*Asks:* 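This structure is in structure tokens; I'll ask about it shortly.
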Amino acid sequence: MLTKQKNEGDFLGKMFATERRNLIVSHLQQEKRLTVKHLANKLNVSEATLRTDLNLLEEEGLLTRTHGGAVLNENEPPKNNFSDRAMRNIDYKKSITRKAVELISRKDCILLDASTTSLELARIIKEKETKLTVVTNGISTALELKENPSINVILIGGIARMGSMGLEGLLGKNVLDEINIEMMFTSASGFTLEDGLSDFNVYEVELKKVMVQKAKKVIALLDHTKIGTSSIAPFASIDEIDKIITDEDIPNEILQLLKDSNIDIIN
């Protein structure tokens, strides 16, 4: 099922679960420590709903559950860290990126996000003898590509956080203003028809939103396990996505539903 359910409460109108969890993180960033009762009152949802949200956010490494509440993770690397994610579903990533590289032409200027799937794409691009300009906020991606003298690598500046290999924040926004980008290749933690692309890293999402606006085309690189799920913070609606590249294991009924929604799919 590609849609998600609304929550029980009403806070500035009905919120979806992803919006609510984004607000939870925002409140924690401001107050560092909160109780379930306090959050439930703030968001006007049941304590049972809040406990489910907090458990999910803890699994993603954004907070630590305490007796009756939660504290923000500031000094610990997230459990869902880059090296762990890099090895997850690696065969699917290789299948997807082999298709993605076929869309890239000589002298293109492309944008790669800091995802592990984009890093896998960078490893394929590095072996090609073709002139390219690659803009990225991915530290590992930039280090991979700089070894090819035919590729101009532009690293978007930002904040480096423990456990992440992506530079975050809007400090590098001016770089994007100066460059004509043909295509952005991006992955995500999840994709639904309602949310579009969403990610667990609320710090990186603000930059991803700007990237989406600056690219002429947005290509989503998603293995089938991410389609039909939502993460904390959306960054690209279905109207902003030009193409989705996925793997061969996507169920036929989901594939047909995507096609019926006029989404261009390569699988």
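Computed from heavy atoms alone, side chains included, the values below leave out hydrogens, waters and symmetry copies. Just so it is clear, the model here is predicted, and its values are computed rather than measured.
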*Asks:* Between S189 and T229, what is the shortest heavy-atom contact and its length?
*Replies:* O-OG1, 3.8 Å
*Asks:* Before accepting this row, confirm whether a basic side-chain N of the pair K93/D247 lies closer than 4.0 Å to the acidic partner's carboxylate O.
*Replies:* no
*Asks:* What residue among L121, D264, I245 forms side-chain contact (heavy atoms from CB on, under 4.5 Å) with I219?
*Replies:* I245
*Asks:* Would you check if H27 and H38 make a side-chain contact, meaning some heavy-atom pair closer than 4.5 Å?
*Replies:* no
*Asks:* Just how far is it from atom CG of L23 to atom CD1 of I232, taken to the nearest 0.5 Å?
*Replies:* 11.5 Å
*Asks:* Rounded to the nearest 0.5 Å, what separates atom OG in S118 from atom CD1 in I96?
*Replies:* 11.0 Å
*Asks:* Report the distance from atom OG1 of T116 to atom CE of M165, rounding to the nearest 0.5 Å.
*Replies:* 12.0 Å
*Asks:* Taking the side chain from T52 and the backbone from A48, do they hold a donor-acceptor pair closer than 3.5 Å?
*Replies:* yes
*Asks:* I'd like to know if the side chain of S231 pairs up with that of D199 as donor and acceptor (distance under 3.5 Å, no hydrogens or angles considered).
*Replies:* no
*Asks:* Once rounded to the nearest 0.5 Å, what's the spacing between atom CD1 of I179 and atom CD1 of I154?
*Replies:* 3.5 Å
*Asks:* Considering all heavy atoms of both residues, which atom of L63 and which atom of A70 are nearest to each other, and what is their separation?
*Replies:* CD1-CB, 4.0 Å
*Asks:* Can you check side chain to side chain contact (heavy atoms under 4.5 Å, CB included) on K214 and L111, steps first, answer last?
*Replies:* CA-CA 9 Å; K214 297 299 180 182; L111 177 57; 5.7 Å; no
*Asks:* With a 4.5 Å limit on heavy-atom distance, are the side chains of I125 and F185 in contact?
*Replies:* no
*Asks:* For D260 and Q256, does a side-chain donor sit closer than 3.5 Å to a side-chain acceptor?
*Replies:* yes
*Asks:* Surrounding CD of E129 (heavy atoms of other residues, nucleotides or ligands, distance under 6.0 Å), is the total greater than 12?
*Replies:* no
*Asks:* With the 4.5 Å side-chain cut-off for hydrophobic clustering, are F235 and I238 part of the same group?
*Replies:* yes
*Asks:* What are the two closest heavy atoms between V205 and P234, and how far apart are they?
*Replies:* CG1-O, 3.7 Å
*Asks:* Please find the pair of heavy atoms, one from K208 and one from M184, that lie closest to each other, and give the distance.
*Replies:* O-CE, 4.3 Å
*Asks:* Going through the checks in order, is the salt bridge (Lys or Arg N to Asp or Glu O under 4.0 Å) test met by E206 and K173?
*Replies:* CA-CA 10 Å; E206 289 307 310; K173 179 179 177 295; over 6 Å; no
*Asks:* Determine the minimum heavy-atom distance between N148 and S150, stating which atoms define it.
*Replies:* OD1-N, 2.9 Å
*Asks:* Using a strict cut-off of less than 4.0 Å between a Lys/Arg side-chain nitrogen and an Asp/Glu carboxylate oxygen, indicate whether E240 and K209 qualify as a salt bridge.
*Replies:* no
*Asks:* With side chains defined as the heavy atoms from C-beta onward, is the minimum distance between D223 and K226 less than 4.5 Å?
*Replies:* yes
*Asks:* Would you give the length of the straight line joining atom CD1 of I244 to atom CD1 of I263, rounded to the nearest 0.5 angstrom?
*Replies:* 4.5 Å
*Asks:* So do the side chains of S115 and T186 get within less than 4.5 Å of each other, counting heavy atoms only?
*Replies:* no
*Asks:* Before you tell me yes or no, could you show the steps for E168 and N137 under side chain to side chain contact (heavy atoms under 4.5 Å, CB included), namely the whole-Å CA-CA distance, both residues' side-chain angles and the distance that decides it to 0.1 Å?
*Replies:* CA-CA 7 Å; E168 303 161 359; N137 69 315; 5.7 Å; no
*Asks:* Does L171 share a hydrophobic cluster with V153, counting links as ILVMFWY side-chain heavy atoms below 4.5 Å and allowing steps through other members?
*Replies:* no
*Asks:* Is the shortest heavy-atom distance from the side chain of I110 to the side chain of T136 under 4.5 Å?
*Replies:* no
*Asks:* Is the closest side-chain heavy-atom distance between L57 and L28 below 4.5 Å?
*Replies:* no
*Asks:* Hey, any chance V134 and V101 share a hydrophobic cluster, counting ILVMFWY side chains that come within less than 4.5 Å of each other, even indirectly?
*Replies:* yes
*Asks:* Drop me the distance from I250's CD1 to I227's CD1, to the nearest 0.5 angstrom.
*Replies:* 3.5 Å
*Asks:* Should D249 and N267 be marked as a side chain to side chain contact (heavy atoms under 4.5 Å, CB included) after you check the CA-CA gap, both sets of side-chain angles, and the distance that decides it?
*Replies:* CA-CA 8 Å; D249 288 350; N267 73 307; over 6 Å; no
*Asks:* Is a side-chain donor-acceptor pair under 3.5 Å present for S237 with D239?
*Replies:* no
*Asks:* Is K128 atom NZ crowded by more than 12 heavy atoms from other residues, nucleotides or ligands, each under 6.0 Å away?
*Replies:* no
*Asks:* Within a strict 4.5 Å, meaning less than it, do heavy atoms of the I156 and L167 side chains meet?
*Replies:* no
*Asks:* K217 versus L103: any side-chain heavy-atom pair under 4.5 Å?
*Replies:* no
*Asks:* Compare every heavy atom of V212 with every heavy atom of A236, then report the nearest pair and how far apart it is.
*Replies:* CB-CG2, 4.0 Å
*Asks:* Measure from the side-chain N and O atoms of T192 to the backbone N and O of D195, and report whether any donor-acceptor pair falls under 3.5 Å.
*Replies:* yes
*Asks:* When clusters are formed by joining ILVMFWY residues with side-chain heavy atoms under 4.5 Å apart, either directly or through shared neighbours, do L132 and V175 land in the same one?
*Replies:* no
*Asks:* With a 3.5 Å distance limit and no angle check, can you tell me whether T35 reaches the backbone of G69 through a side-chain donor-acceptor pair?
*Replies:* no
*Asks:* With a cut-off of 6.0 Å (strictly less than), are more than 12 heavy atoms of other residues, nucleotides or ligands near CG of D177?
*Replies:* yes
*Asks:* Take L176 and M211 through the side chain to side chain contact (heavy atoms under 4.5 Å, CB included) test and state the conclusion after the steps.
*Replies:* CA-CA 7 Å; L176 295 171; M211 290 175 167; 4.2 Å; yes
*Asks:* Is there a path of hydrophobic side-chain contacts, each under 4.5 Å between heavy atoms of I, L, V, M, F, W or Y residues, that connects I151 with L119?
*Replies:* no
*Asks:* Between R123 and E127, does any side-chain N to carboxylate O distance fall below 4.0 Å?
*Replies:* no
